[in-house]
Structure formats: structure tokens, C-alpha cells
Amino acid sequence: MTPSYYPCPLPGGGIADEYALVFDQARATRILIIPALLDEANKLRHFTVEVMRRLDGAGIDSFLPDLPGCNESGQDLATIEPEDWSTAIHAASRHFAATRVLAIRGGGLLCPPAMAGWHYAPLKGASILKTLLRARIIAAREAGRDENIDDLLANGLEDGIELAGFHLSGEMLRQLQSLVPQTRSEICIVDHATIGGRALWLRAEPDFDPVQADALAAVIVMSLTA
Amino acid sequence: MTASIDDKLRHVLADVLGLAHDKLISFTADTGLFGHLPELDSMAVAGLLTELEDRFDIVIDDDEVDGDLFETYGSLLDFVKAKRETA
């Protein structure tokens, strides 16, 4: 596993180097990993990297790019919209010469349209947004403030909003509301039931389960050799 | 049917809290949840709500969501049972 970079086009023009974690030995199968989004990215990062370790052991290269505004990125998330993430994923795919894609959860909303691969535990953009909005109103009510989702969303679409520590632009909210996972025959959906165990994105504290990483890597290796 | 809602709810909580299922068996109606379990923060509760909707096929209105709902295991169980009856 080595740290690397890829040239990521910026929304206002220009290019920034974004960080990527890579297992690259110039092998034939090169899988671009699209990470889970926002809060789920933290909860699933350990799992994601462990899946990459197992793919490496099975002779498969993989690449985990940072999305602009997320993880180690120097970009301000408040200036980013999902389209910029899709552009970044496309750039990373070209830079690393990926042959397949593995999208984790909300990462599947950013799948490059022409690539084949796998999507683990898909969900809609609207579901990501709903959970973040609910977390905000629960915290507000605990603090004695009465907020409701309709008002938060209406204001957020105008002026942006801070949810679970993420500063999201109005355009980010607008696009998340309507993004749905792609249903293409080239993208194999891997439901969580196939992997088994407790869904890691539900865990109150980030956790890791080696059996789940084994299972997802096995699904990929088997479908490549089938 | 009631027993299975209880059992399913314990499983969902075990998934969220990372507790062994046998520890969840010791949860009683008075066992405190939100505000009593430090790991059950607002983000975890929000994820739990979405999971409850999926697993019990119910819709939870946002004005029903407050700390009282998760005050104790009993209050959460009563809420899910009532929702199932009207689902």
C-alpha cells in the first residue's frame, strides 16, 4: 500500500493533486474504488482499505482516491457538488488506468457511466441526506432548539447547510436529493446480505470486521475468475 | 408477533451498538438508551431510524423524532409496535 496522487480538475478551473491510496504493481486487473460518502466514508474506510489488501493478496491492483473536499483534500467541501466528485472519479480512473470499478454505498452514485464493476450496498442520495438531516434535528432537539427537516432543507437549498460537521452547498443538496444508483448490467450489485454480519455504516462507533472484508473481496475475485 | 418485534428490535440495536445479542437479551423496558449510552449519539440515532423504517417497513415522521422516543428500550419498543399496527 502506497500513498499516491491524481490530478483532479477543480470546479472553478485548474487542477489540484488529490491524495489516493494505491496497491499498484502494474497487474492486469486494476480496480478503482469509489468510497462511501460523507459520514459513511469514515465508518467504512477501514473496511474499504482491508478489502483492497485482500484484492492485493489475490493479485489485483486497486486505487482509492480522495474526493475533493473529503478526507485529506485541501478543497473546501462547501464549494463542491456531486458532479465535481464524478469528474474527480473519472480523472482518477484515467490516471490510474482502471479496468473495473468497486463502489461502496453512496460511492455508487458517482460510477463512471462506461465502466463495469461492483456496487456494494447501494443507497439513494436522498437517503444519505435524510439521515444527515435527522441527525441534525435530533441534536437540535436535545439542545432545546426545535428544527424541522422541511425548513432546514428549504434554507439549505438556498444558502447551504452544515450537517454532521459537513458544510454542504445548496447545489450539493439539490443533486443528492435526486441521485439514484445506476442499474446497468455491467454493474453487479452486492447486497449487504451477501456479505453478512452487522452493517458497518450503522455502527455508532467506526468498527471493522475481517469476515466482511474477506467476503466482499471473495465476491470480486470469484466474479473475475468465473 | 409481539415477541418477534421485540426480538427484531434487539437485533437492530445490537447492530448499531455493536453489542453481543446475549447482552441485548438483558435489556428491559426500563433500560436507558439515548442519553444513557454514550455511543448512541444523534448520528447513530438517525441511522437507527432509517434502519427501523427498512426492517419494519414503517415510515417515521420527523415530528415523531425526539429524545423521548429513545429514552428507554420500552419507549422505543412501544413506538415500533404502534407503528406496525397502523402500517
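So that the names make sense, note that chain A is the first sequence line, chain B the second, and so on, each numbered from 1. The figures that follow rest on heavy atoms only: side chains count, while hydrogens, waters and symmetry mates do not. Since this is a predicted model, take the numbers as computed values, not measurements.
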Listed by chain and number, what are the side-chain hydrogen bond (donor to acceptor under 3.5 Å, both in side chains) partners of A/Gln175, not counting sequence neighbours?
A/Glu81, A/Glu171
Answer yes or no: is there a side-chain heavy-atom contact under 4.5 Å between B/Met43 and A/Ile138?
no
Partners passing ring-ring contact (aromatic ring centres under 6.0 Å, His included) against A/His167 (at least two apart in sequence or in another chain):
none
How far apart are the C-alpha atoms of A/Arg134 and B/Glu53, what are their side-chain angles, what is the distance that settles it, and do they pass the salt bridge (Lys or Arg N to Asp or Glu O under 4.0 Å) test?
CA-CA 13 Å; A/Arg134 279 179 163 170; B/Glu53 288 183 323; 2.9 Å; yes
Part of A/Ala164 within contact of chain B (heavy atom distance under 4.5 Å)
side chain
Please list, chain by chain and in numerical order, all residues satisfying side-chain hydrogen bond (donor to acceptor under 3.5 Å, both in side chains) with A/Ser73, sequence neighbours excluded.
A/Glu18
Using a cut-off of under 4.5 Å on heavy-atom pairs, state which of A/Leu200, A/Asp207, A/Thr131 scores highest against chain B.
A/Thr131
Quick check: closest heavy atoms across B/Leu17 and A/Arg203, and the distance to 0.1 Å?
O-NH2, 3.4 Å
Closest non-hydrogen atom pair between A/Ala204 and B/Ala44, with its separation
CB-CB, 3.7 Å
Residue B/Ile60 versus chain A: region with a heavy atom under 4.5 Å
both
Show your reasoning for whether side chain to side chain contact (heavy atoms under 4.5 Å, CB included) applies to B/Asp62 and A/Ile137.
CA-CA 9 Å; B/Asp62 295 314; A/Ile137 62 168; 4.1 Å; yes
I'd like to know whether CG of B/Asp61 has more than 12 heavy-atom contacts from other residues, nucleotides or ligands below 6.0 angstrom.
yes
Roughly how far, to the nearest 0.5 Å, is OG1 of B/Thr50 from CD1 of A/Ile128?
11.0 Å
Among residues 32-43 of chain A, those lying within the under-4.5 Å heavy-atom range of chain B are A/Asp39, A/Lys43
